[in-house]
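All values reported here derive from a predicted model rather than from experimental measurement.
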2 protein chains.
Amino acid sequence: MSAPSADPPAQRDTTKARLYDAAAELFRTKGFAATTTREIAAALGIQKATLYHHIRRKEDLLYEMCRDSLARIQSAADEVLAESSDSRGRLVNLIHAHMVTSLGDRDKHAVMLAELRSLPLDESVEIFALRHEYELCIERTITDAQVAGVVRTDITAKDLRLSLLNLLNWTIFWFDPAGGRTPSELGELYAGLFLEGAAARPTAAADLGTSA
Amino acid sequence: MSAPSADPPAQRDTTKARLYDAAAELFRTKGFAATTTREIAAALGIQKATLYHHIRRKEDLLYEMCRDSLARIQSAADEVLAESSDSRGRLVNLIHAHMVTSLGDRDKHAVMLAELRSLPLDESVEIFALRHEYELCIERTITDAQVAGVVRTDITAKDLRLSLLNLLNWTIFWFDPAGGRTPSELGELYAGLFLEGAAARPTAAADLGTSA
DNA sequence: GTCTATAAAGAGATAGAC
DNA sequence: GTCTATCTCTTTATAGAC
């Protein structure tokens, strides 16, 4: 009942959470710079000035949602890497978790990927470091799979990491939750495609006659 | 020497071309909405008002560079599809041309991919249609390769097209012309990875002992 | 084709009442 | 925690001289 005048540290599912959700959707759709504080306020049904009771600056919204989306996907990755056993399984599960987590948090994650440049320099450096840390988890998983002999070694782990993230990340810009594919299905699709490739392979039966 | 008062239709390498190049670099780096006409003018060493001798609105710059980048990549694709013979070769060459053309026109192409939403609705619809037309060229090439038996058919041509464009398009957001890979090398890398996959394959020799 | 000067609108953010 | 009212700055774009 005492009234702390500082920021409430663990305020969940309140006006603040609704504020961040509404802002994330607008930022993803229109971009950070093109979204006005008026529009964000209107989406919540409050006046523009009331926003500034919850945040200090418009950039606070962007910063917090970038941190939040990266914390979510990093924690999903940590969980996968802790539980999976073989190195191919870890890589497949990591791909799957990436799609389910990022598309399940579509607005914030897309904003983090595309609007990072709109942050003040020191904050964008901090967010970029978090993002790079996550991406290196993926690279380490690829390296492990190379060492275990299940991933080709004629392409560097770095090139494979960049290629894999290409394959995964662009999805969020065309993904339609009401469309044909669920995030989980896309995770399976990409894991299979990344590992096995798009080329047709002779079946085992068809291959018997032409071996060596 | 006669003075046409309408738009000069084929003015190349003039102030106008420099204007579009400067604007494209700013739009790619900062985003369309965050770039001011002052900054564009400053990049050219002219006054803000002078811009409006060359364009009517800031959006004109965006519209023209989107059209331009799509015309370039479409024409590169048409060329590849006209000359290549077998369907696998056409697909490989198309991937290669996509990387060389898009990264060779990095500023405009990145802006077209990322800032399309900042266009007025009717213009964004028009640009999106051009982009979709190009992407369907890729899908048709994939379908041809499936019919020819060189691309797997357990994934639809549409899913393969979307996956391939994921793999290719994201590159432009991290590509560094001064960095380690040329656009041509990336084209080779992606063509090989897309078709063959990242999984290690037993060599023919190693496979002999463990067959069936 | 470029300039100075300025118009007109919209932006982020604050003051202070309730 | 929300409001009305307003400040201050920046934005896009135009007017009109050179």
Using a 4.0 Å heavy-atom cut-off across all strands, classify A/Thr36 as base, sugar-phosphate, or nothing.
sugar-phosphate
Distance check needed: D/dC3 C1' versus A/Leu44 CG, whole Å only.
15 Å
Any side-chain N or O of A/Thr50 below 4.0 angstrom from OP1/OP2 of D/dG1?
no
Rounded to the nearest angstrom, tell me the gap between atom CD1 in B/Ile40 and atom C1' in D/dT10.
15 Å
Phosphate contact (D/dT12 OP1 or OP2) by B/Thr37 side-chain N/O below 4.0 Å
yes
Less than 4.0 Å between a side-chain N and a carboxylate O, is that true for A/Glu196 and A/Arg88?
yes
What is the distance, to the nearest angstrom, from the CG atom on A/Leu51 to the C1' atom on D/dC3?
13 Å
In whole angstroms, how far is the P atom of D/dT10 from the NZ atom of B/Lys58?
16 Å
Under 6.0 Å from the CD atom of A/Glu25, do we count more than 12 heavy atoms belonging to anything else shown?
no
Between A/His53 and D/dT2, is there a contact of a side-chain N or O with OP1 or OP2 at under 4.0 Å?
no
Would A/Asp60 and A/His54 count as having a side-chain donor-acceptor pair, cut-off 3.5 Å?
no
Is there a side-chain polar atom (N or O) of B/Tyr52 under 4.0 Å from OP1 or OP2 of D/dA13?
yes
Would you mind reading off the distance between A/Gln47 atom CD and C/dC18 atom C1', rounded to a whole angstrom?
15 Å
Are B/His109 and B/Leu113 close enough that some pair of their side-chain heavy atoms sits under 4.5 Å apart?
yes
d(NZ, B/Lys48; P, D/dT14) in whole Å:
12 Å
CD (B/Glu79) with more than 12 external heavy atoms under 6.0 Å
no
Reckon A/Arg38 has a side-chain N or O less than 4.0 Å from the OP1 or OP2 of C/dA11?
yes
B/Glu59 CD to D/dA13 C1', in whole Å, measures 11 Å
Using whole Å, report how far CG of B/Asp60 lies from P of D/dT12.
14 Å
Is there a side-chain contact between A/His54 and the phosphate of D/dT2, meaning an N or O under 4.0 Å from OP1 or OP2?
yes
